[in-house]
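Before any comments, here is the structure.
Sequence lines set the chain letters: A, B, ... in the order given, protein chains first and strands last, and positions in each chain run from 1.
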Number of protein chains: 4
Amino acid sequence: MARNIEKDKQMRWERKQHILECALHAIAKKGVGSVEIKDIARESKISVGSVYTYFKSKDDVLKEVVRKGQEEYRIFTKNIAENSDMNSLDKLREICTIWLDLKSNWAYTILLQSVRSNETVHGELRDTVTKRFTRNLEPISAIIREGQANGTIKDGAPLELAFYFVSLIQGLTLQRVPGYEIPVNIDVEGIIQLFAQKTY
Amino acid sequence: MARNIEKDKQMRWERKQHILECALHAIAKKGVGSVEIKDIARESKISVGSVYTYFKSKDDVLKEVVRKGQEEYRIFTKNIAENSDMNSLDKLREICTIWLDLKSNWAYTILLQSVRSNETVHGELRDTVTKRFTRNLEPISAIIREGQANGTIKDGAPLELAFYFVSLIQGLTLQRVPGYEIPVNIDVEGIIQLFAQKTY
Amino acid sequence: MARNIEKDKQMRWERKQHILECALHAIAKKGVGSVEIKDIARESKISVGSVYTYFKSKDDVLKEVVRKGQEEYRIFTKNIAENSDMNSLDKLREICTIWLDLKSNWAYTILLQSVRSNETVHGELRDTVTKRFTRNLEPISAIIREGQANGTIKDGAPLELAFYFVSLIQGLTLQRVPGYEIPVNIDVEGIIQLFAQKTY
Amino acid sequence: MARNIEKDKQMRWERKQHILECALHAIAKKGVGSVEIKDIARESKISVGSVYTYFKSKDDVLKEVVRKGQEEYRIFTKNIAENSDMNSLDKLREICTIWLDLKSNWAYTILLQSVRSNETVHGELRDTVTKRFTRNLEPISAIIREGQANGTIKDGAPLELAFYFVSLIQGLTLQRVPGYEIPVNIDVEGIIQLFAQKTY
DNA sequence: TATGAATGAGTTTTCATTCAT
DNA sequence: AATGAATGAAAACTCATTCAT
């Protein structure tokens, strides 16, 4: 008779997360501007109507996907930055390797750019995204500061270097369009060496 | 009579170029997937119908905008690469400075990303864009090879380094959304130093 | 055992009445054409699915609400009309006062209008409503006839006067939208005097 | 080549008015809550898309229909009220007769009630409608004051009497649902006599 | 050529009804 | 019985393209 309210809530949350993940893939395939609710529904293997059971509108889905992506990214970099078992360069290596490996990051990066540069997106969301991006530079910045202290990373303003590092990785990520890859090898070690302090 | 036909052709060509420039800005503002013919018309200060006097379809406008942008970029980098009055690092400095300065590059970079990553864009165009992008790495690659030869630029596969250089600049460009800039300073010298060979 | 079945039936009937009352308010708030099953469920503090446990369809709810309303109205006017302790004008006064006082009458009157004037409502229901309305004029008409006989109510076809009386009260009721009242005083005595015979 | 801008504006305005008139009829047939843009388009003999060329949304159409209706009603009553060739009772007779004769008034009255009593309609519009309704009582009120001055109309607060008069006519109008009329004769003279001062 | 209204195919969104739990 | 998520048919709305002026 009665339902387990707690369990219902949990399931609802899980299904929402599932849709968000599928939405990210759908968006990655068609672009923010072109993705249809139909695509998100198909990718999630649910009906079009059901998407609206979990989200108010298409815009609402987009907003949530971005939020989730930025949160996960923050946790990802923060965990690596605070790992005391790795040295600074290894931390950058790890971030670089995992980031460039994950297929979904490509989709997420494209979405992030689209949202920020798209005038039809509500200003408040664009602002939030920009602020979170800035805040998410901190863990990288911390790694660089640490590396500079022990002489393994190049001199320079840590925040600026973090900004270059992230922009480079994002720039490279965007080039990896499935089916339309630039036929140039990406070598993590080569990237890390750009930021490493040469020692003698 | 023949004179007037010539003149008409010229005017037609000029108006087409004008529309293409305006279309670039319209696309940058709303994204490839969301831009409407109405937006392009408004930006160009002409009517919707008139756009169709100069272009066969929305897709046709898109194709032309991308072609024009990539051609101009090629000429820009080629000219700098072949300039014998500048040393290698100065050439990279020049490309970096001018690129990050030009407002229209932001629009163009976004457009490029949008076209390549958007599944609704015709495959042929996406393929062409990818190929031209790859080909456009050559002038940068040449500068790097030159710099490595005279010991001013870091060692490493020139094409890969060129790819990193371009990706970094594009990555930074994408962050510079008008009104939503990341509040971190971008210092050309800092970027160049990532690629410079440290000498003693 | 038989006792429980009886009790179950009784409870079912009571819950149906509860839903009908709540449905009336939901309809009054949003209009017949706009009200959703969800609204009726919310107002009744039960789930959407439960509404279907008690009623076959949305149309079925509607039909029942109207029937209930008209039946109650008939009983209300009939009781007053047949009350031998009141004189004719007092009867009209009583009807007028109670009708304009009851909040639920506003909802019911709006519902009645909506149903009759809404093409999407099944013709049979609209017809039934019209017929019952006409039949419900009788008690008022009887009061007027009685009043004319004893010289307290104006001359004229009783049924027509009853029609005017009811229309006037309904017209006034419709103006009393909660929160959007017309800022003009409604004075029962003033209304009654329109129908009273002036004596000297 | 160039278009007559003035003429274009004029035509646009006329077509808008045409759609509004047709929309009123469509609304009258199906009710505010049930009318579809399709219905309005069909009634106007244009395509669905074209309705959106002239109006932002379905809501916008409704808003404009109400505004137009109330404006026309104001002009109609004001003209009669200010006509010095008619006596007070004749003025009321004229309003009553014309109002009850016009088929479109039925639709308009239903719409007016729907908008005011519909919670889904934006509060600002409901407020505006209520205020205009109140203001539109003035011409009737003026007629009644005039009639009381020359002894042809019953004593009582003119604004209240005007409110009763209008409510009665609106109440009667609402009963005249095409196809579902109450089979009771409506006699303008009988209505007027409710408000007339009996003289000896 | 220039214009912008008209069109209709395609999307987004809503909601009565069903159904698994 | 009770619940509320799932569904899909239908309604609202958008927009590339056409076309009369």
Next on the checklist: On DNA chain E, compare the nucleotides closest to A:I37 and D:V51; which residue's is nearer the 5' end?
Outcome noted: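 Between the two, 5'-proximity favours D:V51.
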Checklist entry - 5'-most contact on DNA chain F: B:V48 or C:G49, nearest heavy atom basis? => result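 Final value for this comparison: C:G49.
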Item to check | Which residue lies more 5' along DNA chain F, comparing C:S50 with A:S47 via nearest heavy atoms | outcome: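 Residue closer to the 5' terminus by nearest nucleotide: C:S50.
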[X] [atom1] to [N] [atom2]: how many Å, rounded?
X	N	atom1	atom2	answer
B:I19	E:dT3	CD1	P	10 Å
D:D39	F:dA12	CG	C1'	12 Å
A:I40	E:dT12	CD1	C1'	11 Å
A:K45	F:dA5	NZ	P	23 Å
D:K7	F:dA20	NZ	C1'	12 Å
D:I46	E:dG8	CD1	C1'	13 Å
A:W13	F:dA5	CH2	P	17 Å
A:E36	F:dC15	CD	P	13 Å

Any donor-acceptor N or O pair under 3.5 Å, side chains [X], [Y]:
X	Y	answer
C:Y54	C:R15	yes
D:S47	D:S50	yes
C:E6	C:Q10	no

Validation row: [X], [Y] side chains within 4.5 angstrom (heavy atoms):
X	Y	value
C:E21	C:K68	yes
D:I40	D:I46	no
C:Y52	C:I37	yes

Checklist entry - Any side-chain N or O of A:K38 less than 4.0 Å from the OP1 or OP2 oxygen of E:dT11? => result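 Yes, such a contact exists.
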Checklist entry - With respect to the phosphate group of F:dA2, does any side-chain polar atom (N or O) of C:R15 fall under 4.0 Å of OP1 or OP2? => result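 Yes, C:R15 has a side-chain N/O under 4.0 Å of OP1/OP2 on F:dA2.
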Checklist entry - Once you round to the nearest 0.5 Å, how far does CH2 of C:W106 lie from CG of C:L111? => result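 Answer for the CH2-CG pair, C:W106 versus C:L111, is 11.0 Å.
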Checklist entry - Please, what dot-bracket string fits DNA chain E when only Watson-Crick and G-U pairs with both distances under 3.5 Å count, crossing ones use [ ] and pairs to another strand use |? => result .||||||||||||||||||||
Checklist entry - Minimum heavy-atom separation for A:Q70 to A:L112, with atom names? => result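 Taking A:Q70 first and A:L112 second, the nearest heavy atoms are NE2-CD1, 3.4 Å.
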Item to check | Selection: residues 52-61 of chain B, any non-hydrogen atom under 4.0 Å of DNA chain E | outcome: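 Only B:T53, B:Y54 qualify.
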Next on the checklist: Check this for me, if you would: do C:E36 and C:K30 make a salt bridge, where the nitrogen-to-carboxylate-oxygen distance has to be below 4.0 angstrom?
Outcome noted: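 Answer for the salt bridge query: yes.
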